[in-house]
Each structure stands twice: as structure tokens, then as C-alpha cells.
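Notes follow the structure.
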Amino acid sequence: MDLGLAGRRALVTGAGKGIGRSTVQALYAAGVQVVAMSRTQGDLDSLVRECPGVETVCVDLGDWEATERALGGVGPVDLLVNNAAVALLQPFLEVTKEACDTSFDVNLRAVIQVSQIVARGLIARGARGAIVNVSSQASQRALTNHSVYCATKGAMDMLTKVMALELGPHKIRVNTVNPTVVMTPMGKANWSDPLKAKAMLDRIPLGRFAEVQNVVDVILFLLSDQSSMTTGSAVPVDGGFLAT
């Protein structure tokens, strides 16, 4: 299916690795002009070698002022993927202020800031746009040692609904994609223990974790006009986990 994305300009955060990097590669292959954001310059350099012409922005999204400066001259953006996130896992009784501050700064506050910048530009141009926030099944299910992570993703889901409500009249759609465990290099490392994996897989009707491409396909669909009547939605990519 041709999603009709060619010629548009997209910004992807957390573009250095995993879902973000694969999203950049897929958008690039679809003829989209991509701006890739990461806090790791080496990841951006290797991405440009793979996808010549991709623009890069190196910044720590936890730093509001630095992000504002970095995106000050980013230019017109039609499509936004808020993918950057941190997962600082601690038992509830051991959650620290630092974990709270870092998690909410990157996982939620940065989504607000970057989306404001992109949305204001779209509104000023009178252009339609689409924003996809990468959430998680952890936004809707309690997971041990994930107190802060679950809280940030739950907040992201509700933020998405409010953004959809307020930005809809400006022709800007906003949705989330909510994956289960995804087999990125980090996902493979964190879920390589068969006993740990079995406890999660037993709750997934399809009996497997998600591949990166499963998530990227949904992101591209939500960015495209094929989903032109979809906004304010949370789309699971979870093999049925949230149905159990």
C-alpha cells in the first residue's frame, strides 16, 4: 500500500536506536525528508551513512532550554514521531526523585515541548499534520518495578487525547502506538531470560513479542492519510496482551 508520505517532512525523536531508528529508515525509504533527533552524535552519524540526506539534531530532550535552541531553526515539519524515552526501573518503595524527574522530563515534558513547536509551525502555515506518540502497554497495565515508567506512559496516553481534542480543529491528528515488548537489541537483552519472558508471553494470546517492523508499520499508518479519520486513539501492538 502506498501511504502517500513522499515529499513530506518528518521529525523523529529518539532516532538513534531501536524503534526510532527503524522509523527514520522506513520514512526515508518512503521518500520523506527526515529530521532525526538523538542525544548520541555517533548514532546520528551512522544513521546518516545509512540514509544520506537525513538531517540530524543532537540534543538531550531532558534539557528544555537546549531543546528549544536546537529546534529553533528546524523549519517546517508535517509529521512528528515522539519516540524518545527512558525506562528507569525501580521497586515502588525505592523510587528516587532523580528517576521521577528524568522520566517525566524525557517521557512526557519533552513530548509537550516538541509537539508545541511542531504544532505551532503547522498552524502558522495552515498545514495539516500528524503526530504519533510512542507509548506502551505499560500505560494500561501495572508491571512490577515499572511505577514511574507506567505513570509516564499513562500520562502520555491522556496527553494524546487532549492534544487531539485541541489540535483537531487545526487539522492536526494525534495518536499513540502502544507496543508490548519489542525485539530491539535492548528488548532482546532485557528479555533473554526464558523464565522472565515466559511470564509475559503467557499473557500474550499470539504467544510472541513484537518485532520492530510491527511497530513501525503502525506508526507509518497513523502518520499517513490512510488514517485520516483516526485521532485521539491508542493503538495496541501487543499480540492481544491488553485484551487479557
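Sequential numbering from 1 along the given sequence is applied to the chain's residues.
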Counting neighbours of CZ on Arg39 that are heavy atoms of other residues, nucleotides or ligands and sit closer than 6.0 Å, is the number greater than 12? no

Side chains of Leu47 and Arg21: closer than 4.5 Å at any heavy-atom pair? yes

Is a donor from one side chain sitting under 3.5 angstrom from an acceptor on the other, for Asp238 and Thr180? no

Are Val174 and Leu223 joined in one hydrophobic group, where the rule is that I, L, V, M, F, W and Y side chains link up if heavy atoms are under 4.5 Å apart? no

Can you tell me how far CG of Leu89 sits from OG1 of Thr144, rounded to the nearest 0.5 angstrom? 10.5 Å

Pairwise distance NZ(Lys188) to CE(Met183) - rounded to 0.5 angstrom: 7.5 Å

Which heavy atom of Ile19 sits nearest a heavy atom of Val212, and at what distance? CA-CG1, 4.1 Å

Step by step, work out the side chain to side chain contact (heavy atoms under 4.5 Å, CB included) result for Val111 and Asn107. CA-CA 7 Å; Val111 173; Asn107 296 5; over 6 Å; no

Spacing of CG belonging to Asp45 relative to OG1 belonging to Thr56, to within rounding of 0.5 Å: 7.0 Å

Would you name the heavy atoms of Arg141 and Ala243 that are closest together and state the gap between them? NH2-N, 4.4 Å

Please examine the side chains of Asn145 and Gln90, heavy atoms only from C-beta on, and report whether any two atoms are closer than 4.5 Å. no

How far apart are the closest heavy atoms of Arg8 and Leu79, and which atoms are they? NH1-CD2, 3.6 Å

Of all heavy-atom pairs between Lys171 and Gly126, which one has the smallest distance, and what is that distance? NZ-O, 3.3 Å

With clusters defined by side-chain heavy atoms of hydrophobic residues (ILVMFWY) lying less than 4.5 Å apart, directly or transitively, does Val24 cluster with Phe221? yes

Check against side-chain hydrogen bond (donor to acceptor under 3.5 Å, both in side chains), Thr231 and Asn175: CA-CA 5 Å; Thr231 194; Asn175 295 286; 4.6 Å; no

State whether a side-chain donor-acceptor pair under 3.5 Å links Thr176 with Asn178. yes

Main-chain N/O of Ser224 paired with Ser227 side-chain donor or acceptor, under 3.5 Å: yes

Side chain to side chain, Pro179 and Gln137, heavy atoms closer than 4.5 Å: no

Check the pair Val148 / Phe104 against side chain to side chain contact (heavy atoms under 4.5 Å, CB included), numbers first and verdict last. CA-CA 8 Å; Val148 178; Phe104 276 93; 4.1 Å; yes

Enter the distance from Ser139:OG to His146:NE2 here, rounded to the nearest 0.5 Å. 12.5 Å

Do the side chains of Pro205 and Thr244 get nearer than 4.5 Å, heavy atoms only? yes

Is it true that Asp225 and Arg128 make a salt bridge, defined as a side-chain N closer than 4.0 Å to a carboxylate O? yes

Is there side-chain contact between Val12 and Val35, with at least one heavy-atom pair below 4.5 Å? no

Would you say Lys161 and Glu166 make side-chain contact, with heavy atoms under 4.5 Å? no

Shortest non-hydrogen pair, Gly62 vs Arg109, comes out as O-NH2, 2.8 Å

In one Ile/Leu/Val/Met/Phe/Trp/Tyr side-chain cluster, 4.5 Å: Val114, Ile123: yes

State whether a side-chain donor-acceptor pair under 3.5 Å links Thr230 with Arg173. no

Side chain to side chain, Glu50 and Tyr28, heavy atoms closer than 4.5 Å: no

Shared hydrophobic cluster for Met156 and Ile172 (ILVMFWY, side-chain gaps under 4.5 Å): yes

SB check Arg125 Asp78 (cutoff 4.0 Å): yes

Measure across Ala210 and Val237 and return the closest heavy-atom pair with its distance rounded to 0.1 Å. CB-O, 4.2 Å

If you group Ile, Leu, Val, Met, Phe, Trp and Tyr by side-chain heavy-atom gaps below 4.5 Å, do Val32 and Val216 land in one group? yes

Could you walk me through whether Arg208 and Asn214 satisfy the side chain to side chain contact (heavy atoms under 4.5 Å, CB included) test, starting with their C-alpha distance in whole Å, then the side-chain angles of each, then the deciding distance to 0.1 Å, before giving a yes or no? CA-CA 12 Å; Arg208 60 184 175 87; Asn214 298 143; 3.8 Å; yes

To the nearest 0.5 Å, tell me how far Ile117 CD1 sits from Leu11 CG. 9.0 Å

Would Asn83 and Thr23 satisfy side chain to side chain contact (heavy atoms under 4.5 Å, CB included), going step by step from the backbone distance to the final call? CA-CA 9 Å; Asn83 169 72; Thr23 299; over 6 Å; no

Under 3.5 Å, side chain of Ser115 to main-chain N/O of Ile112, donor-acceptor pair present? no

Taking side chain as C-beta onward, heavy atoms only, is Asn133 less than 4.5 Å from Met163? yes

Do the charged groups of Asp157 and Lys153 touch, with an N to O distance under 4.0 Å? no

CG (Asp105) and OG1 (Thr152) are apart, to the nearest 0.5 Å, by 11.0 Å

Side chain of Glu211, backbone of Val182: donor and acceptor closer than 3.5 Å? no

